[in-house]
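Below: the structure, in structure tokens.
Only this structure's heavy atoms are used, side chains among them; waters, hydrogens and symmetry mates stay out.
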Amino acid sequence: MRGGLKKSVSLWAVLAAAGFFAGGIGLTPKPAQAADLGGDCCADLEERVATLEATTARKGNRRVSLTVSGRVHANMMYWNNGSGPKDPSVFGTFDHHSDVYFGNTGGSGPNLTFSGAAAIGADAAAGFSMTLANDFSGTDSQTTHQSGPAIGGDTTYVFLTSKSLGELRLGNLASASDNAYYLNYGAGAVGGLSGARFTGNFRLRDATGKLTDVSYGHLLQEWSDKNENRLMYLSPMLGGFKYYSDIGGDDTASAALTWVGKVSTVNVEAGIGYQTSSRIDGVSGQTQFQAATATTGSTAFDPLTDAANPNLRQLGLSGSVFDTASGLFVSAAYSRAYAARATRQDIANWFVEAGWQKNVSGAGVTSVYAQYMRQDNGLQNNTSAHLFGIGLDQAFDAAASNLYLHYQRDSFDTSGVVANASLASAPLGAATAVDAQTIDSLSAGMIVHF
């Protein structure tokens, strides 16, 4: 009996201990595992944390989140403007009629954005956004083709946002009406409603072949204004509608309304924006709209405003339709800058783009597109310029990258446009008239997003 009892007690003790041990593992695995590491585990962990902190960028506090994002863009471009330097004594061998440049493309160069936010209760948050742009463009003009890297500020603002009331932004940023210029579902990474992005800085020639100080970027753009110090309001989304408005300085203001919707497999977006300014720096194309001086650019422009009529008004509209089933898309935009002078015609701009995009390979979306732009009266009354482009863009989702190939032809149709008499003192020679001409470009590049 004594021996049998001892065996029974021992057996129950073993089973109880096994059950306790098993239950302990299930309930508290971390202490059990930590015990196996030995007494130096905490010291080892602290050492590793210290090493990690020493090699990691730190934020100023733990309350505001910090996100770093942006893109790096590089390309190569062959261009030909169809005519050589008829008078090489002006620039000698530095005046090319064709070449291959390496760099990036104005308007879509590398940038770096720091952004963050922190909650203020359940409905509101405060935050910031700051973007730095890096331009090492190699596609400047017939005489400048390898500028060095230049880093500058793009947009910087702080914001207060509420899910129910909307958002306030204060800082240096694009206008509210800009939201109506660029609505586009297609075009890949660089197509877009970009005007003469690839050849915007290239100069037009006069009838003798000399370069003038008129560029294709002056003649082919959507006339949205440049970044400025502003206070902006963005409404919450309501039924697909969103309202934007801002004031900048003492003399600029703009407003926009956009709508996003979907019918079956068809996505639709549209927008309208309006802005007004009586400041010479109120718009990116201010040289067209103000009296020409040594600091405002080309003297060939007939301005839309003058000292007696300083108020510039601009209208912008854009829309896009994309069928997710077929992959087909169509986008269009229209903008108008209204002349304040009785003798000046309004500047009108039309843009249309159509194409197809779909992820057929599994690697990412493939985009094929064609685009056309026309602008009237950009230089002077009764002048016109055109752009035609086609492109292929391949996204690689695994690397967050895009490879693209883009062909573009820019043309100025009007011959013998007489420049102002003071053009003789312009930095690029004593041109007497801007001649009808074209420039062709073929660009290939890569954009990496992060």
Side-chain angles (χ1 to χ4, degrees), residues 174-183 193-196 200 204 214-226 228 248 251-257 270-293 296-319 331-353 371-387 410-420 433-434 436:
S175 74
S177 61
D178 268 24
N179 293 283
Y181 281 94
Y182 306 108
L183 299 178
L193 311 182
S194 59
L204 281 75
V214 179
S215 72
Y216 285 97
H218 291 140
L219 305 176
L220 292 164
Q221 58 176 299
E222 69 288 324
W223 305 121
S224 61
D225 61 354
K226 68 177 185 178
E228 188 173 335
D251 309 293
T252 66
S254 71
L257 183 67
I272 179 171
Y274 182 82
Q275 60 181 310
T276 179
S277 174
S278 58
R279 296 175 55 178
I280 195 168
D281 62 344
V283 292
S284 60
Q286 69 266 30
T287 51
Q288 281 81 342
F289 310 133
Q290 303 288 343
T293 68
T296 58
S298 173
T299 53
F301 293 111
D302 189 11
L304 295 183
T305 64
D306 56 25
N309 305 280
N311 191 38
L312 175 67
R313 297 168 296 119
Q314 295 175 259
L315 174 70
L317 306 95
S318 67
S331 304
Y334 171 79
S335 60
R336 193 173 194 91
Y338 296 94
R341 297 169 52 221
T343 59
R344 186 66 164 92
Q345 297 174 349
D346 298 343
I347 297 177
N349 183 293
W350 295 265
F351 181 97
V352 64
E353 183 174 70
Q371 56 187 195
Y372 172 77
M373 175 183 284
R374 174 188 175 119
Q375 181 177 289
D376 291 332
N377 311 315
L379 185 63
Q380 297 175 8
N381 290 346
N382 304 312
T383 61
S384 61
H386 304 264
L387 177 152
D410 306 329
S411 63
F412 180 65
D413 292 353
T414 312
S415 295
V417 176
V418 177
N420 295 349
V434 180

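One N or O on the side chain of Gln345 and one on the backbone of Asn382 form a donor-acceptor pair closer than 3.5 Å. Between the side chain of Asn349 and the main chain of Gly378, no donor-acceptor pair closer than 3.5 Å is present. Ser331 contributes no side-chain N or O that, together with a main-chain N or O of Glu353, makes up a donor-acceptor pair within less than 3.5 Å.
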Next on the checklist: I'd like to know whether Leu387 forms a side-chain contact (heavy atoms from CB on, under 4.5 Å) with Gln375, so could you lay out the CA-CA distance, the side-chain angles of the two residues, the decisive distance to 0.1 Å, and finally the verdict.
Outcome noted: CA-CA 9 Å; Leu387 177 152; Gln375 181 177 289; over 6 Å; no
Next on the checklist: For Leu219 and Leu204: C-alpha separation, side-chain torsions, deciding distance, then whether side-chain contact (heavy atoms from CB on, under 4.5 Å) applies.
Outcome noted: CA-CA 10 Å; Leu219 305 176; Leu204 281 75; 3.7 Å; yes
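The line from OG of Ser277 to CG of Asn311 is 7.5 Å long, rounded to the nearest 0.5 Å. To the nearest 0.5 angstrom, Asn377 atom CG is 6.0 Å from Arg344 atom CZ. Rounded to the nearest 0.5 Å, atoms CZ (Phe351) and OG (Ser335) are 11.0 Å apart.
Residues Tyr372 and Arg374 have side chains that never bring a donor and an acceptor to within less than 3.5 angstrom of each other.
The shortest non-hydrogen separation linking Ser411 to Tyr216 is N-CE2, 4.2 Å. Across every non-hydrogen atom of Ser318 and Ala180, the tightest pair is OG-O, 2.6 Å. The minimum heavy-atom distance between Ala256 and Ser177, with the atom names listed, is CB-CA, 3.9 Å.
Checked options Leu304, Leu315, Ile347; the residue passing with Tyr338 is Leu315 (criterion: side chain to side chain contact (heavy atoms under 4.5 Å, CB included)). Checked options Gln314, Arg336, Arg313; the residue passing with Asp346 is Arg336 (criterion: side-chain hydrogen bond (donor to acceptor under 3.5 Å, both in side chains)).
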